[in-house]
Enquirer: 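I am attaching a structure below and will ask some questions about it afterwards.
Letters A, B, ... mirror the listed sequences (proteins, then strands); counts begin at 1. Note that the structure is a prediction, hence the values are computed from the model and not measured.
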There are 2 protein chains.
Amino acid sequence: MNPEAIQRSFDGSGLRCTPQRYAVMAFLLEHNRHPTAAEIFEAVNRVDPRSSRATTYNNLRDLVKAGLVREVAIEGRAARFDAKGMQHHHFICDRCGNVEDIKWYDVPRPGPGSLGKRVLRECELIFRGLCTKCAPRRASR
Amino acid sequence: MNPEAIQRSFDGSGLRCTPQRYAVMAFLLEHNRHPTAAEIFEAVNRVDPRSSRATTYNNLRDLVKAGLVREVAIEGRAARFDAKGMQHHHFICDRCGNVEDIKWYDVPRPGPGSLGKRVLRECELIFRGLCTKCAPRRASR
DNA sequence: ACTGGTTTTTAGATTATGTCTAATGTGAGA
DNA sequence: TCTCACATTAGACATAATCTAAAAACCAGT
């Protein structure tokens, strides 16, 4: 996604394109590392303009609410963030907690019988195990 | 699951069957409400014997490590716990954060091509939307 | 029953993560 | 230019969970 596209996605969600917000989005788009809020904060502050911690959290929240970014909660660790580019599934490493993308494929939805009156918005598949780096030393945590 | 079965499942994992640990497991088994650690702590302490907060957390961790209990991380909220009885999927409410069980059905696994050298342990499906209680007032958070 | 070693529990301090507050800054439209 | 809603900020605050160090419970072997 290029700068203008980021602009446009902000416009479409009624979000101003501030330098701080732009920096967060741009960082997420050019790293599919699924960083934590703390990592994003640090990264965008290694280059100007300076952004505060509160602003980083505010912007992440706004972007998630706008549907431009996905938040991934992980047991016992900080949440991770992920620009919603192409659809994909997630692989979460038991050992290091890193999140990696798995090529998207379609998932069968539950029958209306088991959903009842619930309103389904999305449906995500999460794989767990050991990532490429951790698999060799199949250690405990 | 009856008391002896709980005993046996503890034995099988090398965990002593202490009153505090038993209380946690029994509570999880008789409520499929997916309570938070705080709720479990409060609940087991409404009846004797008293269990401390640290012990509740310790025991939950032990049970998760032993594979008897599942932990479900939820964005912006406390983790929830779930005795692993029958296999099932999870529905997480966008509005109230409650977790509900969805009848299990088999999920296609990714091809070995997209997994690479990763070691797959499990594969869970998470549905999001509004639960039965929240669907009527389809509000924002 | 006593000993020694392991596991478990405990209260409270501590850490980690994220949110809130109140003041200040910024920019788009009248 | 004025105005007002939106953004940013530093630091206080809140919440969830973990850690620490000491005491207690438990078991196996004697």
Side-chain angles (χ1 to χ4, degrees), chain A residues 6-8 10-27 34-45 47-66 68-81 96-97 99 140-141, chain B residues 6-7 10-25 34-45 47-66 68-81 97 99 140-141:
Chain A
I6 295 181
Q7 270 262 28
R8 265 181 282 119
F10 285 179
D11 287 351
S13 309
L15 295 171
R16 281 194 198 153
C17 188
T18 67
Q20 291 88 344
R21 185 171 288 152
Y22 182 92
V24 167
M25 192 65 188
F27 181 77
H34 306 82
T36 63
E39 287 165 353
I40 296 168
F41 169 64
E42 216 209 333
V44 304
N45 273 294
V47 294
D48 270 344
R50 306 271 128 158
S51 178
S52 77
R53 215 164 57 90
T55 298
T56 304
Y57 275 99
N58 287 344
N59 281 327
L60 282 169
R61 203 208 317 226
D62 294 341
L63 294 173
V64 168
K65 228 186 305 185
L68 299 173
V69 165
R70 180 170 8 167
E71 179 176 357
V72 185
I74 298 174
E75 314 77 49
R77 300 181 133 100
R80 285 154 178 276
F81 296 87
C96 67
V99 176
S140 62
R141 271 206 240 178
Chain B
I6 295 180
Q7 269 262 25
F10 285 179
D11 287 350
S13 310
L15 295 170
R16 280 191 198 156
C17 188
T18 67
Q20 292 89 344
R21 185 170 289 151
Y22 182 92
V24 168
M25 191 66 188
H34 306 84
T36 62
E39 286 165 353
I40 297 168
F41 169 64
E42 216 209 333
V44 304
N45 273 295
V47 294
D48 270 342
R50 306 272 126 157
S51 178
S52 77
R53 216 162 53 89
T55 298
T56 304
Y57 275 99
N58 286 344
N59 281 327
L60 282 169
R61 202 206 322 222
D62 294 342
L63 293 173
V64 169
K65 227 184 308 185
L68 299 172
V69 165
R70 182 174 3 169
E71 180 175 358
V72 185
I74 298 174
E75 313 76 48
R77 300 180 133 98
R80 285 153 177 277
F81 297 88
V99 176
S140 61
R141 272 207 233 176

Enquirer: Think T18(B) has a side-chain N or O under 4.0 angstrom from the OP1 or OP2 of dT9(C)?
Expert: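 Answer yes for this pair, as a side-chain N or O of T18(B) is under 4.0 Å from OP1 or OP2.
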Enquirer: Is the phosphate of dG18(C), meaning OP1 or OP2, less than 4.0 Å from a side-chain N or O of Y57(A)?
Expert: yes
Enquirer: Figure out the NZ/C1' separation between K65(B) and dT18(D), and round it to whole Å.
Expert: 13 Å
Enquirer: Rounded to whole angstroms, how far apart are CD1 on I74(B) and C1' on dA16(D)?
Expert: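 In whole Å, dA16(D) C1' and I74(B) CD1 are 13 Å from each other.
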Enquirer: Q20(B) has an atom CD; how far is it from atom C1' of dT10(C), in whole Å?
Expert: 10 Å
Enquirer: Does T55(A) place a side-chain N or O at less than 4.0 Å from the phosphate oxygens OP1/OP2 of dT8(D)?
Expert: no
Enquirer: If we fit an axis to the first five pairs and another to the last five of the helix from dA1(C)-dT30(D) to dA30(C)-dT1(D), what angle do they make, to the nearest 10°?
Expert: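 End axes: 30° apart.
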Enquirer: Given T55(A) and R21(A), is the side-chain contact (heavy atoms from CB on, under 4.5 Å) satisfied, shown in steps?
Expert: CA-CA 8 Å; T55(A) 298; R21(A) 185 171 288 152; over 6 Å; no
Enquirer: Kindly point out which of dA25(D), dA17(D), dT9(D) is positioned nearest to the side chain of A37(B)?
Expert: dA17(D)
Enquirer: I want to confirm an ordering. Mapping N58(A) and A38(B) to their closest nucleotides on DNA chain D, which one lands closer to the 5' end?
Expert: N58(A)
Enquirer: Measure CZ/F41(B) against P/dT9(C) and give the value in whole Å, please.
Expert: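 Whole-Å distance recorded here is 13 Å.
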Enquirer: Heavy atoms under 4.0 Å, any strand shown: does S51(B) hit a base, just sugar-phosphate, or nothing?
Expert: sugar-phosphate
Enquirer: Taking OP1 and OP2 of dT8(D), is either one under 4.0 Å from a side-chain nitrogen or oxygen of N59(A)?
Expert: yes
Enquirer: Does R21(A) place a side-chain N or O at less than 4.0 Å from the phosphate oxygens OP1/OP2 of dA7(D)?
Expert: yes
Enquirer: Could one point to a donor on the side chain of R53(A) or the base of dG18(C) with an acceptor on the other under 3.5 Å away?
Expert: yes
Enquirer: Has R61(B) got a side-chain N or O lying under 4.0 Å from the OP1 or OP2 atom of dC19(D)?
Expert: yes
Enquirer: Remember a base hit wins even if backbone is also touched, and classify A78(A) as base, sugar-phosphate or nothing at under 4.0 Å, heavy atoms.
Expert: sugar-phosphate
Enquirer: Can you name the nearest heavy-atom pair linking G97(B) to I74(B), along with the distance?
Expert: O-CD1, 3.6 Å
